[in-house]
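See below for the structure under consideration.
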Amino acid sequence: MNHILGILLFLTGVTSGLSQSVGLPFSRYYSSQEYQGGIQNYAITQHASGLLYIANNYGLLVYDGTSWRRFSLPNSTKIRHVQVDETGSVYVSGQGEFGVFSADRLGQLRFQSLKDSLPEALQNLEEVWKVYVGEERLFFCSSSHIFIFGRDHAFVRAIESEPGFDSFHFSNNTLFVNERGHGLQQLQNGSFQVINGSFGDKLVTGLLPHGQEGQLIFTRDSGVYSSSGERLETWQAIRSRTINAALRLRNGSIAIATQLDGLYLMDRNGTVLLKMNRENGLNNSSIISLFEDLSGNLWLGHNNGLSLIQLSLPFTKIDQFSGLSGTGYHALADQGTVYFGTNNGVFVSETGKDSGVRRVPNSTGQVYQLKRLQGKVLVAHNDGAFVLKEGVAERIEGPEGIWNFQSLRNHPNLLLSGSYFGLHLFEVDENTIRYRKKIAGFDESSRIIEQDEKGNIWVAHGYKGLFKLQLDEGLDLLQVDYFGSEQGLPTDLLNNVWKVNNRLVFTTEGGIFKFNDTRNSFERDPFFADYFDSGSLIHFMAEDQMGNIYFIGETETGVLERKVDGSYSKHFQEFNPLLPLLNDDLQNIAPMRGNEVLFAANEGFVRFSLNDNTFSPPVFPTLIRAAYLTGASDSLIFGGNVGAHLDTNPVVIPYRQANLRVESSNPTPNNEKDLRYQYWLEGFETDFGEWVPQREKAYTNLREGNYTFHVRSKNLFGVISPEATYSFQVLPPWYRSRMAYLMYFFLLALLSFVLYRGTEKRFQRKTQQLKTASQEAIEAKESELKVSRKEVERLKTERLKQEIKIRDKELAAATMHLLNKNGFIDQMRNNLNAITKKSKNQEVKAEIQRVIKTIEKNIAEDRDWEQFEIHFDQVHGDFMSRFKKAYENLSPQEIKLSAYLHMNLSTKEIAYLMNISVRGVEIARYRLRKKLNMERSDNLQEYILKF
């Protein structure tokens, strides 16, 4: 069955033409100057994040897709092998040392030697060739010992070999060794079991599973063997090459690294699918290590440098390494032979032959088109028209500067040809092609021509517009209709015409159009609306035999893949690597056969086949590779290596150092020039900014606060990778710190207290001054008031005295009036009494007696006393009122007596006023003394005067 499968694969290779015999994958070489390390690279591995780790002469190389870093062992010796686990711990083995690189909390790789865990007798090491990471164990392999550690880095045991180990291999979590004199063995239950003793004297460099239970065993100098149990056969692959390593790829292919002959890529049966060496695509033919990365690309570790073979891309290049020179312009697949037209002539590749690509004699010069018409292969050439006969180009007599050929509609024996100056006709018969004539009426350059179903010839001119030509019945003259910006086209520039789906399609600077015969104008073609923007500029368009539509646009290149149901699926992201490689003079896509085309490139051609297109754009996370505090000298605060366990608390940055620069990357290989980044500093910005090519972002003079830096990347294929974040905190300046604010509070409190005390003291002093001044003013005022009071009192006293004098005068006048009145009345009464006594007339007496009674009654009812009493109280301080209250039992006569005594009147005057005798006054005084309860020694008049 294997042989039958091999034959089928061979036949498939013959029919697929270019897939095996011609063309190389995209590749890139990294020199030691570029990665800044030693020339030799012994092993390569990769973490799930995309970081690549390489065991190098100078130490451990780390590649993040953009930049390289190097980490040395403590003894600065070579690292022979490297493996990485899922946590990001990088295990290395080397000269006299082995251990693990792991990231600390700030993301900086630190080396931890595990050699010190060995028993002291085993620590004197030389070369430790390999390290393997198993599910539960770590294996460090030297020529004499296998050191087994637990995943917790605890030493478990050592297995010794007296004859020594030649090589080590690890597959399906099982360690295999090739022991001198004993052959291949596998580690089972703590000891080695022999699985094939035939290799005790051979250096085994590769061990791969083969079939259900078999193995492929690769030796350095003795070829490759197929082993199935006890059965051992020589494999049909490389027998005379020095093999350094072998690797089975994920697609089942086998990569073989040789010492002198480069790389071989084979299928499972040993058929060579690809060979690359210094003469065929590699910078160095010596390969010592192989690794397939997460993207499906193959890495080669050379004796001098590194190579990346991009097997994941669905393209192969046909260029100088295939024997093809010059810029590609057009190609043709014809009956198992492929013709390539470049600016250096026509080249041919015949399937199944090892001769590669060779130049066709007599074809040197600029080739524009290769086309098979009427059973002949025609060449449109700068020097004219050529036909290929028996492997040689023969020139056809006629004009120079031929752009193209196509059959003239309704005239199968005539060929229409566009030239630098108009259109020409060629005639074909069974044996020859001859030039017939130039068609009159049109002299413009006719590089792109197509014919519609009515026989109209459309010519697209690069900067003049479109021409519709109608050929007369005699095929002699062309009627020309011109279409430019004034006839419905967006502009006069970059208008082209193509035949797609058996109809004409017009591409312009303003999108894709079709021609409306009824209106004799152009209108947008709705067929392409779902696949291109209205303003898309398409430079070239071609349809293959399967109905797939390939295109080269201003910003994108790709294919509209035709499905079984007639719908189309657009593919363009995987074509992005082609954009910088395509011919920027005259774009061209040459259909080879169904689902396969050749793109004209600046150097040769690039093959693409939908049948081989299993490409899926890689999606790697965006990586923050470093964070620095910038200043006079940058200070690293985050190393950016996987496995870093940052504390939950963010990194704290002093305020005066809050100038941050962050470096980012995306591990998509060979993509550093096309990466784009978006940045966002949360806490400073509101959202992501524009896409920029710079992998660094710097911020200066950040204020205090909590920040989270976000970055995401977009690779060459337009895939936006998951973002990465980095949180940090900027401390406030010392004068805005909590301690400062606390100090400010206490200082403010102290200052407030001091100000308060000072203010209070000033207030007290001022108050005291005001008080003193007020007191002085008050005293002055009081003094003035006293003076005023004294003056008032004096004036009042004088006024009172004056009033008293006036009252006394009035009282005296009243008293004198009373005295005079009473005296006068009393005299009149006495006189009347005398008249009564002398008169003998009784009537007169009687009348006089009535008058006397009236006088006495008048004296008794005299109201002058009341007026007197009022004046008396005003003069003598309400004496009458007070005296009456003090002595309520006094009679009116006694009150009067008291008043007269207070006036210091004599007894006679009192008697006169009271109309009593002097004796009566004395008696009244006596009675008054008794009512006043006075002693005999007390002076009545003094008492009343003092009352």
Side-chain angles (χ1 to χ4, degrees), residues 325-332 339-347 359-374 376-389 392-408 411 414-428 432-451 457-469 471 475-478 480 482 492-498 539-540 542 583-590 600 602:
S325 67
T327 299
Y329 279 84
H330 200 262
L332 171 68
Y339 299 94
F340 305 94
T342 75
N343 63 320
N344 292 331
V346 179
F347 295 79
R359 190 195 305 271
V360 173
N362 199 36
S363 66
T364 303
Q366 175 69 61
V367 175
Y368 294 117
Q369 187 189 58
L370 295 161
K371 198 156 188 176
R372 183 176 181 84
L373 293 171
Q374 306 294 337
K376 297 174 175 56
V377 177
L378 301 175
V379 180
H381 199 285
N382 177 66
D383 296 337
F386 290 78
V387 60
L388 300 184
K389 290 183 178 181
V392 178
E394 291 184 2
R395 190 177 188 281
I396 303 170
E397 291 297 329
E400 297 181 350
I402 300 298
W403 289 113
N404 51 60
F405 295 100
Q406 61 179 261
S407 295
L408 183 62
H411 297 276
L414 295 179
L415 301 180
L416 180 66
S417 175
S419 72
Y420 293 172
F421 305 100
L423 300 176
H424 301 266
L425 288 178
F426 289 83
E427 188 173 2
V428 183
T432 62
I433 298 178
R434 65 178 182 273
Y435 177 69
R436 183 168 174 177
K437 62 181 175 180
K438 180 180 184 299
I439 305 174
F442 187 75
D443 296 323
E444 298 290 349
S445 176
S446 305
R447 186 175 67 87
I448 298 177
I449 62 173
E450 289 292 347
Q451 299 176 73
I457 303 169
W458 290 85
V459 177
H461 195 284
Y463 54 87
K464 290 185 178 181
L466 291 169
F467 300 91
K468 185 174 75 169
L469 312 177
L471 190 59
L475 308 181
D476 297 318
L477 184 64
L478 292 168
V480 180
Y482 170 74
D492 294 336
L493 302 176
L494 303 178
N495 298 297
N496 289 302
V497 57
W498 319 102
H539 293 298
F540 198 93
N583 184 334
D584 55 9
D585 176 25
L586 299 176
Q587 296 89 346
N588 188 272
I589 303 171
N602 290 328

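Keep in mind the model is a prediction, meaning the values are calculated, not measured.
What you find for Leu475 and His411 is that their closest heavy atoms are CD2-NE2, 3.9 Å. In terms of heavy-atom proximity, Ala393 sits nearest to Ser363 at CB-CB, 3.9 Å. Nearest heavy atom pair, residue Ile396 against residue Arg434, reads CG2-CA, 4.3 Å. Taking every heavy atom of both residues into account, Arg359 and Thr364 meet most closely at CD-OG1, 4.1 Å.
In this structure Asn362 satisfies the side-chain hydrogen bond (donor to acceptor under 3.5 Å, both in side chains) test with no other residue, sequence neighbours excluded. For Asn496, the side-chain contact (heavy atoms from CB on, under 4.5 Å) criterion is met by Ile448, Ala460, Trp498, Thr507, not counting sequence neighbours.
The CD atom of Gln451 lies 8.0 Å from the OG atom of Ser407; values are rounded to the nearest 0.5 Å. A distance of 10.5 Å separates CD1 of Ile589 from NE2 of His330, quoted to the nearest 0.5 Å. Rounding to the nearest 0.5 angstrom, the gap separating the NE2 atom in His539 from the CG atom in Asp584 is 10.5 Å.
Counting only N and O atoms by type, the side chains of Trp403 and Ser445 include a donor and acceptor under 3.5 Å apart.
The six-membered or imidazole ring of Phe426 lies near that of Phe405, with a centre-to-centre distance under 6.0 Å. Here the two rings, on His461 and Tyr463, have centers that are under 6.0 Å apart. Residues Tyr435 and His424 place their aromatic rings such that the two centres sit under 6.0 Å apart.
The aromatic rings of Tyr368 and Tyr420 stand perpendicular to each other, their planes meeting at an angle above 60°, with 30° marking the opposite boundary.
No donor-acceptor distance shorter than 3.5 angstrom exists from the side chain of Asp492 to the backbone of Gly465, with no hydrogens or angles considered. Side-chain atoms of Asn495 never come within 3.5 Å of backbone atoms of Lys464 as a donor-acceptor pair (strictly under, hydrogens ignored).
When the options Leu477, Leu469, Leu478 are evaluated for a side-chain contact (heavy atoms from CB on, under 4.5 Å) with Ile439, the one that passes is Leu478.
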- Stepwise, does the side chain to side chain donor-acceptor pair (under 3.5 Å) test hold for Asp585 with Tyr329? CA-CA 9 Å; Asp585 176 25; Tyr329 279 84; 2.5 Å; yes
- Would you sort out whether Val379 and Lys371 count as a side chain to side chain contact (heavy atoms under 4.5 Å, CB included), showing the intermediate values? CA-CA 7 Å; Val379 180; Lys371 198 156 188 176; over 6 Å; no
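No side-chain heavy atom of Val377 sits less than 4.5 Å from a side-chain heavy atom of Val387. Put simply, the side chain of Leu378 does not reach to within 4.5 Å of the side chain of Arg372, judged on heavy atoms.
Counted within 6.0 Å of CZ on Phe421, heavy atoms from surrounding residues, nucleotides or ligands total 12 or fewer; the atom is thus considered open.
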